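In this text the structure is predicted, and so the values were computed from the model without any measurement.
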Amino acid sequence: MGLALVTFLSVFFLVISAGALLFYREAMMKRLATVISPEAEKLDRLTRVRAAGASMGALIEPLERMLPRGAAETSVVQARLIRAGYRKDFHLKGFYASKLLVPLALAAFVTITGIYEWGAFFVYVVAIGLGYLAPDFWLGNRISKRQLNIRLALPEALDFMVICIEAGLSLDQAALRSSDELALGQPELSDELGLVNLEQRAGRPRAEAWRNMAERTDVDAVRALTALIVQVDQFGSSIAKALRVHSDTLRTQRRQVAEEQAAKTAVKLVFPLVLFIFPAIFVVVLGPSMIVLLESFEKYLLN
């Protein structure tokens, strides 16, 4: 009995293994290919992403063509998109398509919910206007957040570059290594440093590559860093000392900005105090007295 049970279980597991091997052979081959050559998996994933982007671009291209725009306006919008971290043509088309789709979505929302009953012309004009301006507000918010992240991450990146330079690497190699190390913690600054390295590999001078980074980010700290690197190249001074001093300066500036914002807090609290807290205090303090006075006047008038 025991031998028969062992034989049955062995045959059962063999059949299950053979079925799994037959049905999941393709998945297993893909996993083996990924282990053997990770670059093939990256290329396959990149191909799928590009195909998805191309299909989405084909869907939104008729929509973004409906809005009239000039070359100057397009260049300004594209510069803002690049500043927010969106550099592909698909992002520009999607932005103009959203300026058409969002007003239509808000108009449909107003129609479905019945808000237009309050005043159809006024409500629809407000909904369409807000929908048209909403992508611009969203893009401005994205630009501000990205600039803030770059500004906060720059001192740590400079410290890492100083360590790499003092270890024997050049400035370009230190920037590339910093880009790799900051990819998870600070992806915005890592992306910009990677672009600087790519531009230098393409043949652009170092000063021009860093100036392009300053134009892309539009951050004062990056502009100061670019001017510092250009001066160091011209005068031949120590780049490690210059970067360390600049990093300390950025931290001092960040501390001063925090102290300035803390000092402004007392002034900003005046308006909530006057508008919300003081009226409540007046009601609590003077309310009983006013009630007593009103009752006294009523008794006097009745008498």
Side-chain angles (χ1 to χ4, degrees), residues 72-73 75-87 91 95 136-165 171-172 174-200 204-265 267-268:
E73 181 185 357
S75 62
V76 171
V77 172
Q78 192 168 12
R80 294 188 67 200
L81 287 170
I82 292 174
R83 201 166 292 163
Y86 305 106
R87 302 184 181 90
H91 296 140
F95 178 79
D136 294 312
F137 291 142
W138 175 83
L139 183 59
N141 187 24
R142 291 291 304 170
I143 292 173
S144 300
K145 286 185 177 179
R146 193 168 189 270
Q147 289 176 342
L148 178 62
N149 292 333
I150 291 174
R151 193 179 299 111
L152 294 178
L154 193 57
E156 287 76 11
L158 293 180
D159 291 340
F160 194 86
M161 290 174 63
V162 169
I163 294 172
C164 294
I165 292 171
L171 176 61
D172 302 334
L176 179 60
R177 184 60 185 273
S178 301
S179 174
D180 295 337
E181 294 294 332
L182 296 173
L184 293 178
Q186 303 292 341
E188 295 86 2
L189 186 57
S190 173
D191 186 24
E192 294 296 336
L193 292 176
L195 286 177
V196 170
N197 184 262
L198 289 177
E199 288 184 357
Q200 290 184 252
R204 288 188 176 179
R206 177 188 296 169
E208 184 178 353
W210 284 94
R211 287 194 185 99
N212 291 337
M213 176 181 172
E215 292 296 329
R216 285 194 306 268
T217 57
D218 195 22
V219 177
D220 294 336
V222 178
R223 294 184 185 276
L225 176 62
T226 301
L228 176 67
I229 291 175
V230 172
Q231 290 178 359
V232 168
D233 283 341
Q234 290 178 351
F235 298 106
S237 57
S238 175
I239 184 64
K241 293 181 180 179
L243 292 180
R244 184 181 289 108
V245 171
H246 189 64
S247 176
D248 295 337
T249 303
L250 292 179
R251 284 192 172 88
T252 303
Q253 290 178 355
R254 187 163 63 185
R255 191 181 305 109
Q256 290 174 350
V257 169
E259 292 175 355
E260 180 183 358
Q261 292 177 353
K264 291 180 180 178
T265 304
V267 179
K268 292 179 180 179

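Listed by chain and number, the residues in a salt bridge (charged side-chain N to carboxylate O under 4.0 Å, His left out) with R177 are E181 (sequence neighbours excluded).
Considering all non-hydrogen atoms of both residues, P187 and L184 come closest at CD-O, 4.0 Å. Nearest heavy-atom pair, R83 versus E215, reported as atom, atom and distance to 0.1 Å: NH2-O, 4.0 Å. Taking all atoms of both residues into account, the shortest heavy-atom contact from A214 to V222 is CA-CG1, 3.8 Å. When all heavy atoms of S179 and G194 are compared, the pair lying nearest together is OG-N, 3.5 Å. Annotation for V162 and A240: closest pair CG2-O, 3.7 Å, computed over non-hydrogen atoms.
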Under the salt bridge (Lys or Arg N to Asp or Glu O under 4.0 Å) criterion, do E260 and K264 qualify, and how do the steps go? CA-CA 6 Å; E260 180 183 358; K264 291 180 180 178; 3.4 Å; yes

Could you walk me through whether R254 and L152 satisfy the side chain to side chain contact (heavy atoms under 4.5 Å, CB included) test, starting with their C-alpha distance in whole Å, then the side-chain angles of each, then the deciding distance to 0.1 Å, before giving a yes or no? CA-CA 8 Å; R254 187 163 63 185; L152 294 178; 3.5 Å; yes

For W210 and L193: C-alpha separation, side-chain torsions, deciding distance, then whether side chain to side chain contact (heavy atoms under 4.5 Å, CB included) applies. CA-CA 9 Å; W210 284 94; L193 292 176; 3.8 Å; yes

Worked check of salt bridge (Lys or Arg N to Asp or Glu O under 4.0 Å) between E192 and R87: CA-CA 12 Å; E192 294 296 336; R87 302 184 181 90; 2.9 Å; yes

Kindly determine whether V245 and L228 satisfy side chain to side chain contact (heavy atoms under 4.5 Å, CB included), including the steps that lead there. CA-CA 10 Å; V245 171; L228 176 67; over 6 Å; no

Before giving the answer on side chain to side chain contact (heavy atoms under 4.5 Å, CB included), spell out for L195 and M213 the whole-Å C-alpha distance, their side-chain angles and the decisive distance to 0.1 Å. CA-CA 8 Å; L195 286 177; M213 176 181 172; over 6 Å; no

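The side-chain heavy atoms of L189 and L154, taken from C-beta on, include a pair separated by under 4.5 Å. In this structure the side chain of L225 reaches within 4.5 angstrom of the side chain of L158, judged on heavy atoms. Contact check for V230 versus R206: no side-chain heavy atoms found under the 4.5 Å cut-off. Residues F160 and L182 fail the side-chain proximity criterion, which asks for heavy atoms closer than 4.5 Å. Looking at heavy atoms from C-beta onward, N197 lies out of side-chain contact with Q200 at the 4.5 angstrom threshold. D159 is listed as a side-chain neighbour of R251, based on a closest heavy-atom distance under 4.5 Å.
Rounding to the nearest 0.5 Å gives a distance of 11.0 Å between CG of D248 and CG of L243. The structure places NZ of K145 at 4.5 Å from CG of N141, a figure rounded to the nearest 0.5 Å. Interatomic distance, CG of L81 versus CZ of R142, reported as 11.5 Å (0.5 Å rounding). Atom-to-atom distance recorded for F95:CZ and D136:CG is 4.0 Å, nearest 0.5 angstrom. How far CD1 of I82 is from NE2 of H91: 11.5 Å, rounded to the nearest 0.5 Å. Rounding to the nearest 0.5 Å places CG of D191 at 8.0 Å from CZ of R216.
Taking 4.0 Å as the cut-off between side-chain N and carboxylate O, E259 and R255 do not count as a salt-bridged pair. In summary, R146 and E188 do not engage in a salt bridge, as defined by a charged side-chain N under 4.0 Å from a carboxylate O.
A donor-acceptor pair under 3.5 Å is absent between the side-chain atoms of S190 and the main chain of Q186, judged by distance alone.
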